[in-house]
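Just below is one structure, and these are the notes that go with it.
The shown structure was predicted, so the numbers you read here are calculated from the model rather than taken from an experiment. For this chain, numbers begin at 1 and follow the sequence in order. One-based numbering, in listed order, for ligands and for the atoms of each.
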Amino acid sequence: MLAAVVGSVFLGLGCRTGLLVIITLCSWTCGAHSHHLPSSYVAAVYEHCVALNPEPRVPVSRSAALRHLRQNLQVYSKQAARAALQGAQILVFPEDGLQGFNFTRSSIAAYLEVVPDPQQESWNPCEDPQRHPNTEVQHWLSCLARRHGLYVVANMGSVQPCSGDSGSPCPPDGHWHFNTNVVYRFMNDGLLVARYHKQNLYFEEAFDTPQHMEMVTFDTPFAGRFGLITCFDILFQQPTVSMVEKGVRQFIFPTAWMNQLPLLDAIQFQQAFSVGANVTLLAANIRSDELIMTGSGIYSPSSAMYHHAQRGDPEEGWLVVATLRPLEPLPDTLPVSQVMHKEQGYTEVRWYLSEGWRAPPSFTSCMMHDPFTFVLLPGPGGQLSVCDGSFCCWLQYQYMDSNFTEVYALGAFAGTHTVNGHYSLQVCALVKCAGADAHSCGQEVVEAQTKMDFVLEGTFNTKHVYPSVLSSQYTLEQPTLLHTSAHGTVTIAHSHMRAGLITAVLYGRTYHMDPH
Ligand SMILES: *[C@@H]1O[C@H](CO)[C@@H](O)[C@H](O)[C@H]1NC(C)=O
Ligand SMILES: *[C@@H]1O[C@H](CO)[C@@H](O)[C@H](O)[C@H]1NC(C)=O
Ligand SMILES: *[C@@H]1O[C@H](CO)[C@@H](O)[C@H](O)[C@H]1NC(C)=O
């Protein structure tokens, strides 16, 4: 319940900036491939209901582990065939989708495979299955890519022996265990083209944080370059935002994400990241009622094709397929997120309140464990602001369709989030309160009827602000980024809601203030 994201530990390790190792198939500045890109490509993500090991903490033999893994691999095969029939050129499976969760270091051992570094060695597991022992999973995935003419991206556990000689770090059992994304390409083969070890672990005792932060990308003939990240990584500077700043515009995101409204529902943050970082995101989540995991999709900065199971839906997998335009590196050498965009004739939104006007009283209520300062929306329309210290948010709104039975509040928070991860935030959030009581503001709400037009604005200490608008029953609405200014003002506008508003958020990440 607490966690917003599964798949990541935070023991003070996650945010460390370690040594930078850049792994890339050609230099970062190389945009040469982009000239010949087709105008569109077809991507698929699969939300997988993973067959679980009922006793994940009990060590098993390799053959027992393989029997379990094959249950999930068989589903992957079926979905790869379906995706290929719909023209998909790349298919993404979720984090932990093969082995599941809650292993210990020793109980996961039988599940792990050595995944060689594709920069050091060219290996096609489908053609050459004997080269490395105990690589049945890689063989299966590689043949899947080859059989269906797809790029296949999957997440698995990998192992790397180490000795600890000469003082280099090495766990006492002599092995690194990594939470690993692997990519196999088709081109009639099944070559392993990329390998990424997750940097920001989330309470995963079976896995180690890599000693060296990796930024891993691979190039495709149909869409150019993709960067690889996993789950909790999406909230951090390293490696995610560093890759954006190096010009990576398309991301692949296997995840096992525990939903938490009002700020971090899976599809809500997937879209927010795509819009805020101006990138494409292919996001595949796990489907599990018990773990509150669902929400997968294919996002461009201006479109979203997604799936989010509703309460009571059968617990089953879901394939999302979408046609996208390749996003090419911006011609500019500026980091993408510093490219400021000024609408013609736009003047900064500031509301001057008439004399004698009294601010509605503010109150504190916890939203996802953080003390937000809120003010209630006073009537069917108007303007208001709320500040947490010197960080302020503004709202201008007009109810379009309402019974006036639903209570809404505008909240601001600036500070360090400390539950299930430590990271620094500046957030403006317009939320529907769970009830009439002010202290219900910030609680999880799934249904709403009130539609409103609004402009939401904040002045942030960071240029990394991720906007989202979520309406009743997990419906995404596309936020219009009106304005971002050099001094940190971010404004979104929204009108013509298709359903009642649950929450509209400007989620600012002040990475530079993260604890180390
Ligand atoms: C993993 O363990 C946690 C508690 O430690 C439990 O809440 C959760 O249900 C477990 N998940 C699975 C898939 O067994
Ligand atoms: C987003 O990227 C597109 C090109 O793909 C560019 O034209 C646009 O200006 C960018 N927007 C922002 C806000 O940087
Ligand atoms: C208003 O309330 C009525 C009765 O409770 C309901 O049927 C209707 O859908 C509500 N409309 C809105 C916009 O809230």
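Within the listing of ligand 2, atoms 1 (C), 2 (O), 4 (C), 5 (O) sit less than 4.0 angstrom from a heavy atom of Arg249.
Under 4.0 angstrom from ligand 2, there are no non-hydrogen atoms of Glu328.
Between Cys392 and Cys387, the two SG sulfurs come within 2.5 Å of each other, short of that mark.
In the model, Asp514 has no side-chain atom that pairs as donor or acceptor with a side-chain atom of Gln237 under 3.5 Å. A donor-acceptor pair shorter than 3.5 Å can be found between the side chains of Gln271 and Gln478.
Of the listed residues (Leu327, Asn278, Val275), the one carrying the non-hydrogen atom nearest atom 8 (C) of ligand 2 is Asn278.
Here Ser303 pairs with Ser300 under the side chain to side chain contact (heavy atoms under 4.5 Å, CB included) rule; sequence neighbours left out.
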